[in-house]
Protein chains: 2
Amino acid sequence: MDRLSLVFAALADPTRRAILTRLADGDATVNQLAEPFPISLQAVSKHLKVLEQAGLITRGRDAQWRPCRLEAAPLRDISAWTDQYRRFWDERYDRLDDYLRTLQPGPTAEEK
Amino acid sequence: MDRLSLVFAALADPTRRAILTRLADGDATVNQLAEPFPISLQAVSKHLKVLEQAGLITRGRDAQWRPCRLEAAPLRDISAWTDQYRRFWDERYDRLDDYLRTLQPGPTAEEK
DNA sequence: TCTCTATTCAACCCTCTGGTTAATCAACCG
DNA sequence: CGGTTGATTAACCAGAGGGTTGAATAGAGA
């Protein structure tokens, strides 16, 4: 599976997004992350594996704890992909306008 | 399923992302959209249904054709969600720095 | 009308996914 | 050492997802 699909799929689950939100406040152990959810610890462990494979978290080792850390790099790819379509929803963004501006005749006309 | 999960899930498939990319160039019929892919027309039809339920496309009716149109509004939500984490991957973005600037004592604020 | 084209619906097949419980591994502590 | 805590692995289950083929629907056109 390609990287982008992996990241989008990882983000398609509300539990996993909540985990990332929690990790934005700082590293946490599996038990700490699982605490707010009405599901088993094992289920959370699976979610963490999905996030790890998507590159969205890394896990260290501190005695019997496995602290999780947010790794936001893949979100940059998501953002870049989404930005391709920004002109379709952001009225301030007008690629055509920018393009036409480069065609303006004037003192910089030698860049033909 | 919540809206955000629906959109992320729809984007987690490379075929569906390719369909959106194609639609960025303009509306297209199901046959036109299916042409580049080595899968059946019915499979593409299913993908379109997923995109439609996620709000990423709308479909009209022109005789026996069902032209598809890109609807980028849900991508704005994706972008907004991702932006929550921008400070973790964009070095130019430093929320703490901005915050501290507002706390600067003295009338030196106009110094830029 | 009958036919052709564009598209969807229905049924089916695997595989993947999100959850469970039970068992296991790893590390600290008495 | 044995026991407790933190976390993962294993086996299983129900449901969803992406694909197929075949039949059905909607409309254009002869």
Side-chain angles (χ1 to χ4, degrees), chain A residues 1-23 26-71 74, chain B residues 1-23 26-71 74:
Chain A
M1 202 178 190
D2 64 293
R3 194 111 188 110
L4 205 51
S5 298
L6 222 64
V7 179
F8 272 125
L11 297 177
D13 185 285
T15 301
R16 287 195 288 263
R17 289 198 306 277
I19 288 174
L20 293 181
T21 299
R22 165 65 186 80
L23 287 176
D27 297 3
T29 69
V30 179
N31 268 301
Q32 289 171 334
L33 291 172
E35 192 274 329
F37 302 109
I39 61 177
S40 69
L41 200 70
Q42 291 93 323
V44 173
S45 193
K46 281 191 184 181
H47 282 305
L48 293 177
K49 181 176 280 186
V50 173
L51 290 170
E52 190 176 27
Q53 308 220 113
L56 286 161
I57 66 168
T58 51
R59 283 190 275 189
R61 156 88 58 187
D62 174 15
Q64 67 266 56
W65 294 275
R66 303 294 310 274
C68 297
R69 165 163 305 176
L70 176 65
E71 295 290 340
Chain B
M1 202 179 191
D2 64 294
R3 193 110 189 113
L4 205 51
S5 298
L6 225 68
V7 179
F8 273 125
L11 297 178
D13 185 285
T15 301
R16 288 195 288 264
R17 289 198 305 277
I19 288 174
L20 293 181
T21 299
R22 164 65 185 81
L23 287 177
D27 297 4
T29 68
V30 180
N31 269 301
Q32 290 171 333
L33 290 173
E35 192 274 328
F37 303 109
I39 60 177
S40 71
L41 201 69
Q42 291 94 321
V44 172
S45 193
K46 281 190 183 179
H47 282 306
L48 292 177
K49 180 175 281 186
V50 173
L51 289 171
E52 190 176 27
Q53 307 221 112
L56 286 162
I57 66 168
T58 52
R59 282 190 275 188
R61 154 93 52 194
D62 175 14
Q64 67 265 57
W65 293 274
R66 304 294 310 275
C68 296
R69 166 164 304 176
L70 177 65
E71 295 291 338

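Residue numbering restarts at 1 for every chain, and letters A, B, ... go by the order of the sequence lines. Computed from heavy atoms alone, side chains included, the values below leave out hydrogens, waters and symmetry copies.
- C:dG18 atom P lies 10 Å from atom CG of A:Leu51, rounded to whole Å.
- Between C:dT17 and A:His47, no contact under 4.0 Å exists linking OP1 or OP2 to a side-chain N or O.
- With axes fitted over five pairs at each extremity, the angle between the ends of the helix from C:dT1-D:dA30 to C:dG30-D:dC1 is 0° (10° resolution).
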Run the side-chain donor-acceptor check on residues 35-42 of chain B: report pairs under 3.5 Å with partners two or more places apart or on a different chain.
| residue | atom | partner | partner atom | Å |
| --- | --- | --- | --- | --- |
| B:Ser40 | OG | B:Ala43 | N | 3.1 |

For nucleotides 20-26 of chain C, give me one character per nucleotide, 5' to 3': B if any protein heavy atom sits under 4.0 Å from the base, S if the only such contacts are to the sugar-phosphate, - if neither.
BBB---S

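- A heavy atom lying under 4.0 Å from DNA chain D marks none of the residues of residues 5-18 of chain A.
- For B:Glu52, the side chain to side chain donor-acceptor pair (under 3.5 Å) partners are B:Arg59, not counting sequence neighbours.
- To the nearest angstrom, C1' of D:dA7 lies 17 Å from CD of A:Glu35.
- Pairs passing the ring pair (Phe, Tyr, Trp, His ring centres under 6.0 Å) check and including a residue from residues 1-21 of chain B, sequence neighbours excluded, read B:Phe8-B:Trp81.
- Distance CG (A:Asp62) to C1' (C:dC28): 11 Å, rounded to an integer number of Å.
- Partners of A:Arg69 according to the side-chain contact (heavy atoms from CB on, under 4.5 Å) rule, which considers only residues two or more places apart in sequence or in another chain, are A:Asp27, A:Thr58, A:Glu71.
- The shortest distance between the side-chain N/O atoms of A:Arg59 and the OP1/OP2 oxygens of D:dT8 is below 4.0 Å.
- Between atom OG1 of residue B:Thr29 and atom CG of residue B:Asp62 there is a gap of 10.0 Å, rounded to the nearest 0.5 Å.
- To the nearest angstrom, P of D:dG6 lies 18 Å from CG of A:Asp27.
- Rounded to whole angstrom, the span from the NZ atom of A:Lys49 across to the P atom of C:dC16 amounts to 15 Å.
- Residue B:Thr29 has no polar side-chain atom (N or O) positioned under 4.0 Å from OP1 or OP2 of C:dA6.
- Straight-line distance from the CG atom of B:Asn31 to the C1' atom of C:dC4: 13 Å, rounded to whole Å.
- Of all the heavy atoms in B:Ala54 and B:Val7, the pair that sits closest is O-CG2, 3.6 Å.
- Taking A:Gln64 as the reference, nothing meets the side-chain contact (heavy atoms from CB on, under 4.5 Å) condition, with sequence neighbours excluded.
- Summarising the geometry, the separation between CH2 on B:Trp65 and P on C:dC4 is reported as 16 Å, rounded to the nearest angstrom.
- For B:Ser45, there are no side chain to side chain donor-acceptor pair (under 3.5 Å) partners two or more places apart in sequence or in a different chain.
- In this structure, B:Arg66 places its CZ atom 13 Å from P of D:dA28, rounding to the nearest Å.
- Note that the CD1 atom of A:Ile19 and the CG atom of A:Leu48 stand 5.0 Å from one another [nearest 0.5 Å].
- Interatomic distance, A:Leu20 CG to A:Cys68 SG, rounded to the nearest 0.5 Å: 10.5 Å.
- Contacts classified as salt bridge (Lys or Arg N to Asp or Glu O under 4.0 Å) and involving residues 1-21 of chain B (residues at least two apart or in different chains) are given here: A:Asp2-B:Arg17, A:Arg17-B:Asp2.
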